[in-house]
Amino acid sequence: MRTIQVYNTLTRKKEVFKPIEDGKVGIYVCGVTPYNDPHIGNARPFVTWDTIRRFFAKCGYEVHYIQNFTDVDDKIIRVSHEQGKTWKEVADHNIDVYFQSMDALNVRRADVYPRVSDTIPEIIEMVQGLVDKGYAYVVDGDVFYSVEKFKGYGKLSGRSLDDMMAGARVEVDERKQNPMDFAVWKSAKPGEPFWESPWGNGRPGWHIECSAMSLKYLGRTFDFHGGGSDLIFPHHENEIAQSQAFCGSEDCFAHYWVHNGFITIHEEKMSKSLGNFFTVADILKKYPGEVLRFFILQTHYRSPLDFSDERLKDAQAGLMRLENARRNAEELSAKDGAADTAKALAEAALSAKESFYTAMADDFNTALAVSYLFAVAKDINVYYNEVVNQGTAFDKENFGKAKDAFYDMAEIIGIFEAKAEEKSDEDAEIDALVEERLAARKEKNWARADEIRDLLKARGIVLKDTAEGTRWERA
RNA sequence: GGCGACAUAGCCAAGUGGUAAGGCCGAGGUCUGCAAAACCUUUAUCCCCAGUUCGACUCUGGGUGUCGCCUCCA
């Protein structure tokens with residue numbers, strides 16, 4: 001099997017990926033807290049991981065992909081109070097919106113989307129285990145994890161407990177033995193959802209759910225754990241502390257930690273707390289989801305990605321180029337021909353595909369990989385031109401090979417999946433006008449032809465005459 | 001204050017110890033009744049200083065700048 005290298009946050013270097021079980025890969029990606037609309041910064045890890053898992057699947061791996069919903073949380077409770085809804089209604093609604101957003105970005109569904117509210121027994125069991133082993137202590141119905149008890153605390157984020165103490169800027173709960181201790185179980189306050197537990201009515205702390213869910217669905221040890229780099233500390237650091245303390249071995253939990261960089265606005269992190277964000281839905285009003293997806297993948301996942309309307313436009317222009325090559329490829333494939341004119345094209349495409357896979361295998365370098373997609377697109381366009389405009393005889397067999405390679409790469413990037421839209425009445429009317437113009441042109445009635453073109457232009461319709469007819473699209 | 005990342009053409013963005021992928025924009029061209037669209041061609045010596053080396057954008061040290069984490073956050 002192809003050698004895949006991955007940058008591991010834990011070791012701060014690229015490592016050769018060795019699956020725990022041959023031919024299989026287990027992935028746990030931190031999902032969202034469904035308290036409002038997902039913004040495009042939220043979307044980045046999911047687009048990234050969707051691409052990574054597509055790649056693994058293409059390489060022949062059996063992928064197990066788990067992504068949670070933290071549906072029991074302070075923010076959800078707050079929103080539910082504000083909106084006069086139950087926490088469940090808030091979570092369910094936002095999970096629906098989340099799926100709509102991800103569908104638009106061609107993000108395939110994870111195998112399981114566990115929710116905190118469905119994992120309470122496992123969480124309680126884990127908290128109890130931590131208490132039993134002396135890693136957690138109970139105070140007034142709250143349960144805290146004792147960071148000093150876990151000697152590896154800080155290994156993921158690369159800081160020592162002393163560093164953290166020095167930098168502590170938060171008000172410390174007096175009941176904590178160490179300021180860095182964190183809650184694994186919180187006692188219920190009036191008006192909050194709660195579950196019964198050995199420590200009284202309460203709910204899980206923030207980090208424990210991922211430890212419990214990954215254990216439940218992927219086992220004590222699994223291959224990848226991913227998320228945004230802002231989760232490295234404290235979230236993932238705490239997950240490691242919980243999981244490895246619980247199972248009693250440093251080998252437990254994720255082997256490779258993969259963190260994506262942020263999306264920024266004017267070079268500043270996009271975040272809900274800063275309020276400088278665009279929701280995925282905002283973007284979808286102006287651009288197809290594939291454009292946003294492509295925009296994200298044109299930059300390496302670990303680099304920061306500065307968002308602006310202009311850059312999204314650039315990405316769209318690039319994607320259109322690819323789409324156009326695809327249309328040309330479709331048009332050519334409909335032809336027959338047994339000439340031997342596309343041998344070089346097929347070879348170049350296969351070679352580009354190999355380079356594409358090599359790029360992906362080097363820490364999922366989608367930015368480099370995409371360049372090979374453009375290379376093949378160019379070759380296809382050139383060949384299209386030769387066949388359609390210069391009368392070169394068509395080579396169906398070799399062209400088919402090139403086209404397959406092109407589509408194979410596109411499938412990993414997750415483009416060319418736009419759903420066919422149903423023709424509206426307006427579309428039919430436009431089609432009719434386009435037909436009329438074609439007829440007018442045949443009769444060299446340029447006045448009428450131009451009149452129709454202008455008419456459509458005024459309605460925001462752009463015509464594209466080609467050798468095979470006229471395509472049109474909304475500007 | 002502690003820890004870390006990054007600095008490549010007008011814009012975005014890969015990358016390698018041996019003279020820089022790709023995209024956007026711009027320019028030129030092909031096609032077209034004209035146009036649009038499409039397509040083709042074309043555009044850099046890699047923040048500054050010093051060092052290592054036959055040779056550095058790529059390694060080391062220093063500087064400057066930007067950003068992030070340390071608090072909820074993808």
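The structure presented is a predicted model; accordingly, all values stated were derived computationally and were not measured.
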How many Å lie between CD1 on Ile296(A) and P on A74(B), as a whole number? 14 Å
Can you check nucleotides 44-46 of chain B for protein contacts, nitrogen or oxygen pairs under 3.5 Å, and list what you find?
none

Verify whether the ring centers belonging to Phe222(A) and His255(A) lie closer than 6.0 Å. no
What interatomic distance, in whole Å, is found between C1' of A14(B) and the corresponding atom of U58(B)? 13 Å
How would you label the contact of Arg441(A) with the nucleic acid (heavy atoms, under 4.0 Å): base, sugar-phosphate, or nothing? base
Any salt bridge linking Arg293(A) with Glu290(A)? Criterion: basic side-chain nitrogen under 4.0 Å from a carboxylate oxygen. no
Can a donor-acceptor pair under 3.5 Å be found between the side-chain atoms of Arg453(A) and the base atoms of C34(B)? yes
Classify the nucleic acid contact of Lys269(A) as base, sugar-phosphate or nothing, counting any heavy atom under 4.0 Å across all strands shown. base
Complement of A50(B), any strand, by Watson-Crick or G-U distances under 3.5 angstrom: U60(B)
Going by purine N1 to pyrimidine N3 plus the second Watson-Crick contact, or the G-U wobble pair, all under 3.5 Å, which nucleotide sits opposite U45(B)? none
Tell me what Gly158(A) touches on the nucleic acid: a base, only sugar-phosphate, or nothing, going by heavy atoms under 4.0 Å. sugar-phosphate
Taking only the side-chain nitrogens and oxygens of Arg311(A), find out if one of them lies under 4.0 Å from OP1 or OP2 of C12(B). yes
Are Tyr113(A) and Phe99(A) near enough that their ring centres are under 6.0 Å apart? yes
Do you know the tightest heavy-atom contact between Ala342(A) and Phe399(A)? CB-N, 3.9 Å
Please check if the side chain of Ser214(A) supplies one atom and the backbone of Ser211(A) the other of a donor-acceptor pair under 3.5 Å. yes
At under 4.0 Å between heavy atoms, what does Leu231(A) touch on the DNA or RNA strands: base, sugar-phosphate, or nothing? sugar-phosphate
Quick check: any donor-acceptor pair below 3.5 Å linking the side-chain of Arg159(A) to the base of C69(B)? yes
Of all the choices, G22(B), A74(B), A36(B), which nucleotide is nearest to the side chain of Val462(A) once you look at every atom? A36(B)
If you look at every strand shown and take non-hydrogen atoms under 4.0 Å, does Val29(A) touch a base, only sugar-phosphate, or nothing? nothing
Heavy atoms from C-beta onward define the side chain here; which of A74(B), A14(B), C67(B) lies closest to that of Val32(A)? A74(B)
Closest nucleotide among G33(B), G22(B), A74(B) to the Trp446(A) side chain: G33(B)
For G4(B) and Arg12(A) - does any side-chain N or O of the residue sit under 4.0 Å from the phosphate oxygens OP1/OP2? no
Which base, if any, makes a Watson-Crick or G-U wobble pair with C25(B), both distances under 3.5 Å? none
Any side-chain N or O of Thr299(A) under 4.0 Å from OP1/OP2 of G23(B)? no
Between U32(B) and A27(B), how far apart are the P atoms? Round to whole Å, please. 23 Å
With sugar-phosphate meaning primed atoms plus P, OP1 and OP2, does Glu268(A) contact a base, only sugar-phosphate, or nothing at under 4.0 Å between heavy atoms? sugar-phosphate
At 4.0 Å (heavy atoms only), tell me whether Lys457(A) reaches a base, stays on the sugar-phosphate, or touches nothing. nothing
Pair partner, A74(B) [Watson-Crick or wobble, under 3.5 Å]: none
Checking Glu237(A) side chain against Lys155(A) main chain: does a donor-acceptor pair fall under 3.5 Å? yes
C57(B) and C48(B), which share atom name P, separated by this distance in whole Å: 10 Å
Excluding sequence neighbours, so at least two apart, what forms side-chain contact (heavy atoms from CB on, under 4.5 Å) with Glu174(A)? none
note: Arg471(A), atom CZ; A37(B), atom P; distance rounded to Å ~ 14 Å
Any donor-acceptor pair under 3.5 Å joining the side chain of Asp465(A) to the base of A35(B)? yes
Rounding to an integer number of angstrom, what distance separates C59(B) and U53(B) when you compare their C1' atoms? 9 Å
Please determine, for U16(B), whether a Watson-Crick or G-U wobble partner exists with both distances under 3.5 Å, and give it or none. none
Distance, rounded to the nearest Å, where Lys378(A) contributes NZ and C40(B) contributes P: 6 Å
Base, sugar-phosphate, or nothing for Asp450(A), non-hydrogen atoms under 4.0 angstrom? base
Is the backbone N or O of Ala241(A) less than 3.5 Å from a side-chain atom of Tyr145(A), with the two atoms forming a donor-acceptor pair by type? yes
Watson-Crick/G-U partner (both atom distances under 3.5 Å) of U30(B): A38(B)
In terms of side-chain geometry, is the basic nitrogen of Glu436(A) or Arg441(A) positioned less than 4.0 Å from the acidic oxygen of its partner? no
Nearest-angstrom distance, C1' atom, A56(B) to U52(B): 10 Å
Need one value for Asn324(A): base, sugar-phosphate or nothing, where a base atom within 4.0 Å counts as base even if backbone is also close, heavy atoms only. sugar-phosphate
Cationic N near anionic O, under 4.0 Å, Asp71(A) to Lys88(A): no
Say you pick atom P in G63(B) and the same atom in G4(B); how far apart are they, in whole Å? 15 Å
Residues in contact with RNA chain B, drawn from residues 256-264 of chain A - heavy-atom cutoff 4.0 Å: Asn260(A), Gly261(A), Phe262(A), Ile263(A)
Is a donor on one side and an acceptor on the other found under 3.5 Å between the side chain of Asp362(A) and the backbone of Gln5(A)? no
Looking at every non-hydrogen atom in both residues, tell me the closest pair between His266(A) and Asp306(A) and how far apart they are. N-OD1, 3.3 Å
Compute both the distance and the angle, then confirm whether Lys313(A) meets the cation-pi test with Tyr287(A): under 6.0 Å from the six-membered ring centre, within 45 degrees of the axis. no
Checking Thr366(A) side chain against Ala369(A) main chain: does a donor-acceptor pair fall under 3.5 Å? no
Stacking between G23(B) and Phe374(A), yes or no? Criterion: centroid separation under 5.5 angstrom, plane angle under 30 degrees. no
Donor-acceptor pair present, Ser273(A) side chain and C72(B) base, under 3.5 Å: yes
Please measure how far the P atom in C24(B) lies from the corresponding atom in C31(B), and state the result in whole Å. 23 Å
Paired with G68(B): which nucleotide, if any, by Watson-Crick or G-U wobble criteria at under 3.5 Å for both distances? C3(B)
Whole angstrom is fine here: how far is it from CG in Leu292(A) over to C1' in A74(B)? 13 Å
Heavy atoms under 4.0 Å, any strand shown: does Ala367(A) hit a base, just sugar-phosphate, or nothing? base
Please state whether the phosphate of G15(B), meaning OP1 or OP2, lies under 4.0 angstrom from any side-chain nitrogen or oxygen of Asn365(A). yes
Gap in Å between the two P atoms, one belonging to G15(B) and one to A7(B), rounded: 10 Å
Figure out the NZ/P separation between Lys464(A) and A36(B), and round it to whole Å. 13 Å
